[in-house]
Amino acid sequence: MKLSLSEPRLLKESINIISDLVTEVTLRIDKDKIEIVAIDPASVAMVEYKLLSSAFVEYSVPIPQELAINLDHLKQILKRSKATDTITIALDEAKQRLTIILKGGSIKTFNIPLINIEENEQKIPSLDFKTKVSLPSEKFDEAIEDMGIVSESVALNVHPDKIYFRAESNLKDAQVEMASTEEIVIVLDGDAISSKYSTEYLKKIAKASKLSDTVSLEFDNDYPLRVEYKLLDKLRLSFILAPRVSN
């Protein structure tokens, strides 16, 4: 197995974001992609990541592999990469470790051990959403940061022509209103939909705005939220976040 990537940020930024939610994962590598599916320890958020073979300058996977690693180890190495480096990943089967080579002005070689983790194979739940909102990822990131000033939870309210981000606490409240435009596309089955989610988790998820200029939000009343970022022919990073349901 040998994989070479000339855009380090596709892996570097993705691993930074995913490692905020989980520390140990299984990399499932086949002829088409590297895939991670994992749930955070509190079972509040699920992450699904696919880095496609078409994103690589060299991609040789003779047989599918499942490699369990500690993301903190990988993150520390990827931090040492520069934007112009090429990252090469290979498997040292004899020593049960992953070799990562950063090639730029110099050649840096790192080895990290494979680990054993006990996990059931995570399956993506089948969900039926009543709305889908596509908007610039920067606007989503800003709205979540704005709401974080006020409350630990954010309510998303969608109407046929607008989406609202709302937060309130004992003494404060805030709202960001975004109207439907060419940039902000709202598809809604019904009159209005509202659901509330953790600000802390949304802040972690919104960091993926570094990877894609647009984000899609799918949810229903008091229902899980799916947040998805895509780079055509390169990667997809999506999250499923459990709602905060009021008693």
- [ ] Before giving the answer on salt bridge (charged side-chain N to carboxylate O under 4.0 Å, His left out), spell out for Arg166 and Asp173 the whole-Å C-alpha distance, their side-chain angles and the decisive distance to 0.1 Å.
- [x] CA-CA 8 Å; Arg166 292 184 170 124; Asp173 63 82; over 6 Å; no

Looking at [Y] and [X], is any side-chain nitrogen of the basic one under 4.0 Å from a carboxylate oxygen of the acidic one?
{"X": "Glu66", "Y": "Arg28", "result": "yes"}
{"X": "Lys103", "Y": "Asp85", "result": "no"}
{"X": "Asp92", "Y": "Arg97", "result": "yes"}
{"X": "Lys130", "Y": "Glu218", "result": "no"}
{"X": "Glu48", "Y": "Arg236", "result": "yes"}

Task: Chi angles and distances behind the side-chain hydrogen bond (donor to acceptor under 3.5 Å, both in side chains) call for Asp128, Tyr223 - done: CA-CA 9 Å; Asp128 183 20; Tyr223 197 72; over 6 Å; no

Open item on the list: When you group the ILVMFWY residues by side-chain heavy-atom contacts below 4.5 Å and let the links chain together, are Ile36 and Leu52 in the same group?
Closed with: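 As far as the 4.5 Å side-chain criterion goes, Ile36 and Leu52 are not connected within one cluster.
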
Open item on the list: Do Val187 and Ile163 land in one hydrophobic cluster if side-chain heavy atoms of ILVMFWY residues count as linked below 4.5 Å?
Closed with: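 Val187 does not cluster with Ile163.
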
[atom1] of [X] to [atom2] of [Y]: how many Å apart, nearest 0.5 Å?
{"X": "Ser195", "Y": "Asp220", "atom1": "OG", "atom2": "CG", "answer": "8.0 Å"}
{"X": "Ile144", "Y": "Glu200", "atom1": "CD1", "atom2": "CD", "answer": "13.0 Å"}
{"X": "Ser198", "Y": "Glu152", "atom1": "OG", "atom2": "CD", "answer": "8.0 Å"}

Task: Asp213 side chain to Ser137 side chain, donor-acceptor N/O pair below 3.5 angstrom - done: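 No, because no side-chain N or O of Asp213 sits under 3.5 Å from a partner of the opposite role on Ser137.
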
Open item on the list: Is a donor from one side chain sitting under 3.5 angstrom from an acceptor on the other, for Thr88 and Ser4?
Closed with: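 Yes, side-chain donor-acceptor contact under 3.5 Å.
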
TODO: Start with the C-alpha gap between Ser53 and Asp32, add the side-chain angles, then the distance that decides, and say whether side-chain hydrogen bond (donor to acceptor under 3.5 Å, both in side chains) holds.
DONE: CA-CA 5 Å; Ser53 59; Asp32 300 316; 5.0 Å; no

Open item on the list: Assess the residue pair Ser180 and Asp161 against the criterion (side-chain hydrogen bond (donor to acceptor under 3.5 Å, both in side chains)); give the C-alpha distance rounded to whole Å, side-chain angles, the decisive distance to 0.1 Å, and a yes or no.
Closed with: CA-CA 5 Å; Ser180 177; Asp161 60 348; over 6 Å; no

I'd like to check [X] versus [Y] (side-chain heavy atoms, cut-off strictly below 4.5 Å). Are they in contact?
{"X": "Leu225", "Y": "Leu156", "answer": "yes"}
{"X": "Val133", "Y": "Val158", "answer": "yes"}
{"X": "Leu127", "Y": "Pro224", "answer": "yes"}

- [ ] Please confirm whether His159 and Tyr164 have ring centers closer than 6.0 angstrom.
- [x]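 When the ring centroids of His159 and Tyr164 are compared, they turn out to be within the sub-6.0 Å range.
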
